[in-house]
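Some notes on the structure that comes next.
In each ligand, atom 1 is the first atom listed, and ligand 1 is the first ligand listed.
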Amino acid sequence: MLDEKCIFCRIIKGEIPSAKVYEDDWMCVFKDVEPKAKVHLLAVPKTHFKLIEEAGEDGMEMLSYMLTKIPAIARENGCENGYRLIINQGEDAGQTVFHLHIHILGGEKLGDL
Ligand code: 5GP
Ligand code: ZN
């Protein structure tokens with residue numbers, strides 16, 4: 001289920017342009033508009049939920065599917081020497097888009113968090 005007002009749902013639907021690097025029936029991966037590393041991708045499930053605990057059974061299946069796909073996608077997009085995955089969850093983490101997404105950061109030696 002997608003949400004009309006959500007920016008990532010609108011990117012998934014193609015209503016807002018993005019630099020997509022991968023897409024299939026379950027997920028979409030596109031470049032972050034404000035990259036925090038040389039490579040900064042966002043992996044987004046094609047269903048709208050904010051938090052891991054809201055994923056439900058289907059969402060959890062989607063997340064585990066995404067994790068199986070991410071290594072090759074990261075490698076093919078410049079993260080041959082490793083990468084960092086981040087999922088910001090809620091206010092203290094600074095989550096700004098309330099559609100769960102996995103940040104993929106790499107393409108260079110990353111600093112400490
Ligand atoms: P959060 O802080 O919620 O974990 O991360 C949201 C991320 O989405 C931020 O890194 C931000 O730069 C990115 N972002 C926000 N709006 C857009 C957009 O319209 N297009 C793309 N490609 N990235 C976006
Ligand atoms: Zn959404």
Proximal atoms of ligand 1 relative to [X] (non-hydrogen, under 4.0 Å):
| X | result |
| --- | --- |
| Glu34 | 12 (O) |
| Leu42 | 8 (O), 13 (C), 23 (N) |
| His101 | 1 (P), 3 (O), 4 (O), 5 (O), 6 (C) |
| Ile7 | 19 (O) |
| Asn88 | 1 (P), 2 (O), 4 (O) |
| His103 | 1 (P), 4 (O), 5 (O), 7 (C), 10 (O) |
| Lys36 | 10 (O), 12 (O) |

Can you report which non-hydrogen protein atom sits closest to [atom], along with the distance?
| atom | answer |
| --- | --- |
| atom 23 (N) of ligand 1 | Val33 N, 3.3 Å |
| atom 15 (C) of ligand 1 | Val97 CG2, 4.1 Å |
| atom 22 (N) of ligand 1 | Lys31 O, 2.8 Å |
| atom 3 (O) of ligand 1 | Thr96 N, 2.7 Å |
| atom 12 (O) of ligand 1 | Asp32 OD1, 2.5 Å |

Geometric N/O contact [X] with ligand 1, under 3.5 angstrom:
| X | result |
| --- | --- |
| Gln95 | no |
| Ser18 | no |
| His40 | no |
| Ile11 | no |
| Phe8 | no |

- Answer yes or no: is there a side-chain heavy-atom contact under 4.5 Å between Ile70 and Ile102? yes
- Task: Could you tell me whether the side chain of Met66 reaches within less than 4.5 Å of the side chain of Pro45, counting heavy atoms only?
- Result: yes
Can you tell me how far the [atom1] atom of [X] sits from the [atom2] atom of [Y], to the nearest 0.5 Å?
| X | Y | atom1 | atom2 | value |
| --- | --- | --- | --- | --- |
| Ile7 | Phe98 | CD1 | CZ | 12.0 Å |
| Asp3 | His99 | CG | NE2 | 9.5 Å |
| Glu61 | Asp58 | CD | CG | 6.5 Å |

- Item | Over 12 non-hydrogen atoms of neighbours within 6.0 angstrom of CD in Glu57 | no
- Task: Please report the shortest heavy-atom distance between Pro71 and Thr68, naming the atom on each side.
- Result: CD-O, 3.7 Å
- Closest non-hydrogen atom pair between Gln89 and Leu100, with its separation: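 Here Gln89 and Leu100 meet closest at NE2-CD1, 3.7 Å.
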Less than 3.5 Å apart, which donor and acceptor atoms pair up between the side chains of residues 26-42 and the rest of the protein, not counting sequence neighbours?
residue, atom, partner, partner atom, Å
Asp32, OD1, Glu34, N, 2.8
Asp32, OD2, His40, NE2, 3.4
Lys36, NZ, Glu34, O, 2.9
His40, ND1, Lys36, N, 2.9
His40, NE2, His103, ND1, 2.8

- Out of curiosity, is Ile16 lining ligand 1, as in a heavy atom under 4.0 Å away? no
- Message: So, 4.0 Å and heavy atoms of Gly94: is ligand 1 close enough to count as a contact?
- Response: yes
With a cut-off of 3.5 Å and sequence neighbours excluded, list every side-chain donor-acceptor pair involving residues 75-87.
residue, atom, partner, partner atom, Å
Asn77, ND2, Ile73, O, 2.7
Arg84, NH1, Gly111, O, 3.0
Arg84, NH2, Gly111, O, 2.9

- With the Zn ion (ligand 2) as the centre, enumerate protein N/O/S atoms below 2.8 Å in chain and residue order. Cys6 SG, Cys9 SG, His48 ND1, His99 ND1
- Does Tyr65 share a hydrophobic cluster with Leu67, counting links as ILVMFWY side-chain heavy atoms below 4.5 Å and allowing steps through other members?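 Per the 4.5 Å side-chain linkage, Tyr65 and Leu67 are co-clustered.
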- Query: Are the side chain of Gln95 and the backbone of Glu91 linked by a donor-acceptor contact shorter than 3.5 Å?
  - Reply: no
May I have the list of side-chain donor-acceptor pairs in residues 13-23 shorter than 3.5 Å, sequence neighbours left out?
residue, atom, partner, partner atom, Å
Glu15, OE1, Arg10, NE, 2.9
Lys20, NZ, Ile11, O, 3.3
Tyr22, OH, Asp24, OD2, 2.7
Glu23, OE2, Lys46, NZ, 2.8

